[in-house]
Structure formats: structure tokens, C-alpha cells
Amino acid sequence: IFLKIMKKILLAILMIAPLSVMAQVKFAHYNLADIVPHMKEYTTAQTELQTMEKQYSEDLKLMQEEIEKKLADYQKEANNLLENVRLRREQELNDLQQRFQQSYQDNQLALEKASQEKMAMIYQKVNAAVKKLAEAGNYVYVVDLSVGAISFVNTAISTDITTQLQKELGVTVSATATTAPTTPAK
């Protein structure tokens, strides 16, 4: 929401400001999609999240196997059980199923939270680098083209700092790995 408001304010300033003032204002842009996937922190985060997901999946598989075994045992004996024993076993099966569902939900929430925390740290690092380069280059505005909410960026007069950001963040990108320059539609 804050970014949308800031973008609207930026566009309003751009429309209102006289051309003579605009000549003195320096603009820069970058493409976050060309940076984050190549950061070591991102690769590490993805590996850690995959490890978490695998462990959660294995735990759920063991729980499911336990439920299936107890259900099969119950089905074999159900006709021969006293009513109170049968009801107790049915309740036990229901409890196991509820535990399984709760574990699944808890695991999903934990993965989502871990992902958000890891990505927040990555974005903080990128934002710090953007700020550093913006201050060093005396840029008034720096726009991330990957967001797609900017209606137009004249890349001929705006400086692309994607490569500088990659260097600042220690990101190495092969020539074939970069995405095509993103210029949002008019």
C-alpha cells in the first residue's frame, strides 16, 4: 500500500514539475528479478526451506502410515469389539486424523513464516544497497522495474543500476541468466 501511494506521488511530481527542474533530477532503475535469484542468501534460503519442507513431509508421511495401520487393525476387529472399546478406537482414529490435519496446517504456516523472514532479510540487504548507490550517485528516484506498477520509465535518460547492485551485493550472473530488460507498458 505504501509503495502504491509513493508511486502515485512520484507520478504526480513528474507531471507537475517543470522541465527545467526535471533536467536536474537524476533517475535510476533496476530489475530485482535480475538480482535476488542470484544472491547467495537466496540460494541458501531456498535450500533451507526445501530441507524444512522435506522434514515436514516425512513427518506427515509417518503420521499417515500410523493412521492407516490403526484403521486397518480397527476394520479387522470392529465387528468383534465391545461397543465401548469400538467407540474408544473410533475416537482414537478421529484424534489421529485431527492431529494430522493440525500438523499439516502448522507445517504450512511455519514454512510460510520462515520464507517471509528469509526473504525480508534479503530485501533489507537489497534496499540498503539501493540506498547506498542512490546516495553515491545523487539519484532522487530509484525504481524497481520488476514491480510492474510504473506506467513508464524512459530508460534512455534513467540510469540502470542493476549491474552496480549486483556488484554491491556480490552477485555473479552468467550472461544467459539475466532477464530481458523490463519496461512496463504505457
Side-chain angles (χ1 to χ4, degrees), residues 1-7 28-75 91-136 139 142-150 153 155 159-185:
I1 297 174
F2 177 74
L3 287 175
K4 289 180 181 180
I5 293 170
M6 291 303 295
K7 289 174 187 172
H29 63 275
Y30 66 99
N31 191 335
L32 193 63
D34 285 339
I35 298 168
V36 171
H38 305 287
M39 293 176 67
K40 292 175 189 172
E41 294 87 349
Y42 178 80
T43 305
T44 300
Q46 292 303 307
T47 301
E48 290 171 359
L49 291 169
Q50 288 170 354
T51 300
M52 284 178 67
E53 187 174 21
K54 182 179 178 185
Q55 180 62 51
Y56 289 151
S57 179
E58 290 171 3
D59 290 346
L60 288 173
K61 182 180 176 187
L62 290 175
M63 289 178 74
Q64 185 65 38
E65 289 171 357
E66 178 185 3
I67 291 169
E68 289 171 0
K69 182 183 180 306
K70 289 191 179 208
L71 179 60
D73 291 347
Y74 168 77
Q75 289 172 338
Q91 184 61 46
E92 181 183 339
L93 286 168
N94 285 334
D95 291 345
L96 285 172
Q97 187 62 35
Q98 288 176 355
R99 255 186 47 225
F100 176 85
Q101 290 172 350
Q102 187 63 49
S103 293
Y104 175 81
Q105 291 173 355
D106 292 346
N107 293 349
Q108 292 302 311
L109 290 173
L111 275 171
E112 185 177 321
K113 181 180 178 188
S115 176
Q116 290 172 351
E117 289 172 354
K118 291 174 187 308
M119 292 308 294
M121 292 188 316
I122 291 168
Y123 291 138
Q124 286 172 354
K125 184 174 181 178
V126 171
N127 289 336
V130 168
K131 182 180 178 185
K132 181 178 178 181
L133 290 175
E135 289 173 351
Y139 297 111
V142 178
V143 178
D144 174 12
L145 296 179
S146 70
V147 175
I150 305 297
V153 173
T155 56
T159 305
D160 185 352
I161 61 170
T162 302
T163 304
Q164 291 170 286
L165 275 172
Q166 289 171 337
K167 287 178 186 174
E168 181 70 28
L169 294 165
V171 173
T172 54
V173 181
S174 65
T176 58
T178 60
T179 60
T182 304
T183 304

Could you measure the distance from the [atom1] atom of [X] to the [atom2] atom of [Y]? Nearest 0.5 Å is fine.
X    : Y    : atom1 : atom2 : value
Y104 : L60  : OH    : CG    : 8.5 Å
M39  : L32  : CE    : CG    : 9.0 Å
Q55  : L111 : CD    : CG    : 11.5 Å
K167 : T162 : NZ    : OG1   : 12.0 Å
D73  : Q75  : CG    : CD    : 9.5 Å
E168 : I35  : CD    : CD1   : 11.0 Å

What residues, two or more places apart in sequence or in another chain, satisfy salt bridge (charged side-chain N to carboxylate O under 4.0 Å, His left out) together with E68?
->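 E68 satisfies salt bridge (charged side-chain N to carboxylate O under 4.0 Å, His left out) with no other residue.
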
Sequence neighbours excluded, every pair satisfying salt bridge (Lys or Arg N to Asp or Glu O under 4.0 Å) that has a member inside residues 39-61 =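 Sorted result for residues 39-61: E41-K125, E48-K118.
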
For [X], all residues meeting side chain to side chain donor-acceptor pair (under 3.5 Å), sequence neighbours excluded:
X    : answer
Y74  : E90
D106 : Q102
N94  : none
Q101 : none

Carefully, step by step, assess Q97 and I67 under the rule side-chain contact (heavy atoms from CB on, under 4.5 Å).
-> CA-CA 7 Å; Q97 187 62 35; I67 291 169; 3.7 Å; yes

Is a side-chain N or O of S146 found less than 3.5 angstrom from the main chain of N31, in a donor-acceptor match?
-> no

Less than 4.5 Å apart, any side-chain heavy atom of D34 and any of Q166?
-> yes

How far apart are the closest heavy atoms of L96 and K70, and which atoms are they?
->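 Nearest heavy atoms, L96 then K70: CD1-CD, 3.5 Å.
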
What is the minimum heavy-atom distance between A110 and M52, and which atoms define it?
-> O-CE, 4.1 Å

Passes side-chain contact (heavy atoms from CB on, under 4.5 Å), H29 versus V142? Steps please.
-> CA-CA 5 Å; H29 63 275; V142 178; over 6 Å; no

Working for side-chain contact (heavy atoms from CB on, under 4.5 Å), residues Y42 and M119 | CA-CA 8 Å; Y42 178 80; M119 292 308 294; 3.9 Å; yes

Show your reasoning for whether side-chain contact (heavy atoms from CB on, under 4.5 Å) applies to L145 and Y30.
-> CA-CA 6 Å; L145 296 179; Y30 66 99; over 6 Å; no

Do the charged groups of D95 and R99 touch, with an N to O distance under 4.0 Å?
->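 No, this pair does not count.
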
